[in-house]
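Notes follow once the structure below has been shown.
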Protein chains: 2
Amino acid sequence: MSPEEAFGFILKSARSKKGLSQEQLALNCDLDRTFISMLERGQRQPSLTSILAISTSLEIPANELIRQTLEIMDESYKT
Amino acid sequence: MSPEEAFGFILKSARSKKGLSQEQLALNCDLDRTFISMLERGQRQPSLTSILAISTSLEIPANELIRQTLEIMDESYKT
DNA sequence: TTCTTTTGTAGACTATAGTCCGTCGACCAT
DNA sequence: ATGGTCGACGGACTATAGTCTACAAAAGAA
């Protein structure tokens, strides 16, 4: 699983858990709705500032987002 | 202190601590030497994959790099 | 001093992050 | 059926991540 895919997976599940739509999240972190969509589908990777903006909106520390991303990359590596 | 500056600061100190030159690090993580230089000076921000490549080369977990980056952002915010 | 390694920096370039417009289909209400 | 929200997806665009070449300015070691 690529970093983009892993991050997208974490993003989507965290956003869903907060009950936010892609558009609400996008407005909240000052990014474009279509970009959030592409991130979740692993078709784009975020920059550092995007990671920070998203983490703030989701109320999850950025290092925790990255930790979870690494975690599922490791999991998929095992199989 | 901006995210770029904070990350640059962490990058430079971590690289120095490992006794690596910018060029050695660049070769190691398959990035350009001049780009490493700009990152350290806060003139560029890394993408997710750059963060991961750098963290691997420095043998510091990416989430730890981010944690330290957030930490000094917070510190500079207080003053 | 002189030699060597390291880093800053500039300029031109390519790849991609991120925006903004729109359309469509799925789903869920009424 | 139809109206609303939501997400996938397209194309065209702008901003910037990241490369490459080259040279100059530290900084260290001899």
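Each chain gets a letter, A, B and so on, in the order its sequence line appears, and its residues count up from 1. None of the values given here were measured: they were computed from a predicted structure.
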Starting at [atom1] of [X] and ending at [atom2] of [N], how long is that distance when rounded to a whole Å?
| X | N | atom1 | atom2 | answer |
| --- | --- | --- | --- | --- |
| L20(A) | dG7(D) | CG | P | 10 Å |
| R41(B) | dT7(C) | CZ | P | 12 Å |
| M38(B) | dA15(D) | CE | C1' | 14 Å |
| I51(A) | dA17(C) | CD1 | P | 11 Å |
| E40(A) | dA8(D) | CD | P | 6 Å |
| L31(A) | dT16(C) | CG | P | 20 Å |
| L48(A) | dG18(D) | CG | C1' | 15 Å |
| L27(B) | dT7(C) | CG | P | 12 Å |

**Item:** Polar contact flag, side-chain donor to acceptor under 3.5 angstrom, S50(B)-S47(B)
**Value:**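 There is such a pair (donor and acceptor under 3.5 Å, judged by atom type) between the side chains of S50(B) and S47(B).
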**Prompt:** Do R41(B) and S37(B) have a side chain donor and acceptor closer than 3.5 Å?
**Reply:**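 R41(B) vs S37(B): donor-acceptor pair found between side chains.
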Do the side-chain N or O atoms of [X] get closer than 4.0 angstrom to the phosphate oxygens (OP1, OP2) of [N]?
| X | N | result |
| --- | --- | --- |
| T34(A) | dT19(C) | no |
| R33(A) | dG7(D) | no |
| K12(A) | dA8(D) | yes |
| Q45(A) | dT16(C) | no |
| Q22(A) | dA8(D) | yes |

**Donor-acceptor contact below 3.5 Å, side chain Q24(B) vs main chain S21(B)** =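 Checked: pair present.
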**Prompt:** Is the backbone N or O of L20(A) less than 3.5 Å from a side-chain atom of R15(A), with the two atoms forming a donor-acceptor pair by type?
**Reply:**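 Judged by distance alone, yes, a pair lies under 3.5 Å.
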**Message:** Here's a test of your reading of the structure: between R44(A) and S37(B), which maps to the more 5' nucleotide of DNA chain C?
**Reply:** S37(B)
**Message:** Using the side chain to side chain donor-acceptor pair (under 3.5 Å) definition, which of the options R33(A), E40(A), K12(A) pairs with Q22(A)?
**Reply:**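 Only one option passes, and that is E40(A).
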**Fill in**
Quick note, F35(B) side chain, CB onward, closest among dT6(C), dC9(D), dG18(D) is dG18(D)
**Asked** Quick one: which of dG18(D), dG8(C), dT19(C) gets closest to the side chain of S47(B)?
**Response**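 Nearest nucleotide to the side chain: dG18(D).
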